[in-house]
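The first residue of the sequence shown is numbered 1, and numbering continues consecutively from there. Excluded from the calculations below are hydrogen atoms, water molecules and symmetry mates; all remaining heavy atoms, backbone and side chain alike, are included.
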Amino acid sequence: MARFAANLTMLFTELPMLDRFAAAADAGFQGVEILFPYDIPARELSRAAVSAGLEMVLINTPPPNWAGGPRGFAAQPGQEDRFRHDFDRALRFAQALRARHIHVMSGVAEGAQARATLIANLAWAVQRAPHASLTIEPINRTDFPGYFLSDFDLAADIIAQIDAPNLGLQFDAYHARMIEGDVMAAWQRVAPLVRHVQIAGWPGRHEPSMGDIDYPAFFAALEDGGYRGWISAEYNPARHTETGLDWLPRP
Ligand SMILES: O=C(O)C(=O)[C@@H](O)CO
Ligand SMILES: [Mg+2]
């Protein structure tokens with residue numbers, strides 16, 4: 001069965017970051033992800049994860065933090081040096097945290113040159129970090145205006161073109177609902193490429209129990225299809241985090 005992780009950038013924000021680890025473990029999560037961990041020394045984050053018995057599942061490149069920084073540079077022509085510098089920093093953090101995946105963010109860009117830039121940067125990154133697992137994630141342009149990678153078929157094409165064992169797809173069911181409408185159909189199309197799954201309710205990006213995505217059916221499809229990766233709760237709780245965890249399957 002897939003294991004569940006809590007996105008500590010968005011869940012348990014009632015607590016300071018380092019206290020969110022124990023709260024996530026107590027609530028029944030087995031792993032955590034942090035979108036941009038770069039404000040806190042990696043050894044402190046690592047200690048908190050280890051003492052809570054949690055696996056670090058994912059971090060994002062690049063360093064600018066969640067509160068307002070650009071969402072990546074990988075598809076921006078002319079920003080290759082910045083991308084490489086940020087990627088190396090993400091890699092150092094991922095190594096220190098033993099993070100399973102690094103999500104490489106494309107940023108705001110458009111057109112053929114952006115696509116070529118993203119492919120060239122990813123081709124560099126998969127060689128730079130042969131032992132790391134890298135992901136790319138289609139993100140909807142309503143919430144993230146101008147974000148380059150907002151199409152599942154484009155992401156699949158890019159992964160095929162790079163053709164590296166350490167690059168895969170990050171499937172966020174909320175973005176799939178926003179971009180495609182039918183989450184299950186999108187999943188069936190790209191499932192073999194998926195390394196990491198994220199979930200939230202739609203509309204609103206709140207608890208998975210709120211809205212029209214049938215998560216029990218989605219979890220069953222993942223199980224039936226042999227998905228063995230993590231499922232990460234990446235949503236803005238509408239209530240106190242713990243009160244809203246009735247959707248979380250517990251043994
Ligand atoms: O917004 C999402 O969805 C993500 O997974 C983030 O990594 C984007 O910052
Ligand atoms: Mg996501």
- Query: What's the verdict on side-chain contact (heavy atoms from CB on, under 4.5 Å) for R98 and S46, showing C-alpha distance, side-chain angles and the deciding distance?
  - Reply: CA-CA 8 Å; R98 296 174 189 266; S46 180; over 6 Å; no
- Item | CD/Q113: more than 12 non-hydrogen atoms of other groups inside 6.0 Å | no
- Return yes if some donor-acceptor pair links the side-chain N/O of D212 with the main-chain N/O of P203 below 3.5 Å, else return no. no
- Query: Which heavy-atom pair separates I136 from A155 by the least distance, and what is that distance?
  - Reply: CD1-O, 3.9 Å
- Message: Could you check whether R82 pairs with D86 (Lys NZ or Arg NE/NH1/NH2 to Asp/Glu carboxylate O, under 4.0 Å)?
- Response: yes
- Message: Is the shortest side-chain heavy-atom distance between M105 and T61 below 4.5 Å?
- Response: no
- Validation row: V183, Y174 side chains within 4.5 angstrom (heavy atoms): no
- Rounding to 0.5 Å, atoms CD (E44) and CG (L97) come to a distance of 11.5 Å
- Query: Could you go step by step and tell me if I199 and Y235 meet the side-chain contact (heavy atoms from CB on, under 4.5 Å) rule?
  - Reply: CA-CA 7 Å; I199 56 170; Y235 59 83; 5.5 Å; no
- Side chains of H175 and E180, donor plus acceptor under 3.5 Å: no
- With a 4.5 Å heavy-atom cut-off, do Q161 and D157 have their side chains touching? no
- Check the pair T142 / M178 against side-chain contact (heavy atoms from CB on, under 4.5 Å), numbers first and verdict last. CA-CA 8 Å; T142 305; M178 288 287 285; 3.7 Å; yes
- CD1 of I158 to CG of L167: how many Å apart, nearest 0.5 Å? 9.0 Å
- Note on the structure: Taking every heavy atom of A238 against every heavy atom of M210, the minimum-distance pair comes out as CB-SD, 3.9 Å
- Indicate whether any N or O donor in one side chain lies under 3.5 Å from an N or O acceptor in the other, for Q198 and Q170. yes
- Item | Check: F144 and V108 side chains under 4.5 Å, non-hydrogen atoms | no
- Task: Indicate whether the side chain of T135 and that of H101 have a donor and an acceptor atom separated by less than 3.5 Å.
- Result: no
- Check whether L58 and F87 end up in the same hydrophobic cluster, where Ile, Leu, Val, Met, Phe, Trp and Tyr are linked by side-chain heavy atoms less than 4.5 Å apart. no
- Do NZ/NE/NH1/NH2 and the carboxylate oxygens of D153 and R189 come within less than 4.0 Å? yes
- Atom pair CG/CZ of D143 and R71 - distance to nearest 0.5 Å: 10.0 Å
- Query: Around R43, counting heavy atoms of other residues, nucleotides and ligands shown, do more than 12 lie under 6.0 Å from its CZ?
  - Reply: no
- Report yes or no: do F83 and L134 belong to one cluster of Ile/Leu/Val/Met/Phe/Trp/Tyr joined by side chain heavy-atom distances under 4.5 Å? yes
- Message: Below 30° counts as parallel, above 60° as perpendicular, anything between as tilted: where do the rings of F152 and F171 land?
- Response: tilted
- Applying the 4.5 Å side-chain criterion to the ILVMFWY set and letting contacts propagate, would V32 and L15 be lumped into a single cluster? no
- Query: Are N140 and Y147 linked by a side-chain donor-acceptor pair shorter than 3.5 Å?
  - Reply: no
- Distance-minimising heavy-atom pair for H196 and V57: CE1-CG1, 3.6 Å
- L35 backbone acceptor or donor facing T9 side chain under 3.5 Å: yes
- Message: Between E137 and L169 (side chain of the first, backbone of the second, donor and acceptor by atom type, cut-off under 3.5 Å), is there such a pair?
- Response: no
- Query: Taking all atoms of both residues into account, what is the closest heavy-atom pair of A6 and L11, and its distance?
  - Reply: CB-CD2, 4.2 Å
- Message: Using a 6.0 Å cut-off, check whether atom NE2 of H131 has over 12 heavy atoms from anything other than its own residue.
- Response: no
- Query: Got L248 and F29 here, is their nearest side-chain heavy-atom distance under 4.5 Å?
  - Reply: yes
- Do the side chains of W230 and Q30 get nearer than 4.5 Å, heavy atoms only? yes
- First locate atom CZ of R100, then atom CD1 of I59, and finally report the distance between them rounded to the nearest 0.5 Å. 14.0 Å
- Between A52 and A25 the two heavy atoms that sit nearest each other are O-CB, 3.5 Å
- Pairwise distance CG(L91) to CZ(R84) - rounded to 0.5 angstrom: 13.5 Å
- Distance-minimising heavy-atom pair for L8 and A24: CD2-CB, 4.1 Å
- Message: Between Q76 and T117, is there a side-chain donor-acceptor contact under 3.5 Å, judged purely by atom types and distance?
- Response: no
- Query: Is there side-chain contact between R47 and V50, with at least one heavy-atom pair below 4.5 Å?
  - Reply: no
- Query: With no hydrogens and no angle check, is any side-chain donor or acceptor of R20 less than 3.5 Å from a backbone partner on F12?
  - Reply: yes
- Should D246 and S209 count as side-chain neighbours, where that means a heavy-atom distance under 4.5 Å? yes
- Message: For the backbone of V197 and the side chain of Y227, can you confirm whether one donor and one acceptor N or O come within less than 3.5 Å of each other?
- Response: yes
- Message: Distance check, rounded to the nearest 0.5 Å: D172 atom CG versus R177 atom CZ?
- Response: 13.5 Å
- Query: Please walk me through it: do I34 and F21 pass side-chain contact (heavy atoms from CB on, under 4.5 Å)?
  - Reply: CA-CA 11 Å; I34 301 180; F21 290 83; 3.9 Å; yes
- Message: I want to know whether W247 and Y215 have ring centres closer than 6.0 Å.
- Response: no
- Message: Quick check on the 6.0 Å ring-centre criterion: do F93 and F36 meet it?
- Response: no
- With distance as the sole test, does Q79 use its side chain to make a donor-acceptor pair with the main-chain N or O of P77 at under 3.5 Å? no
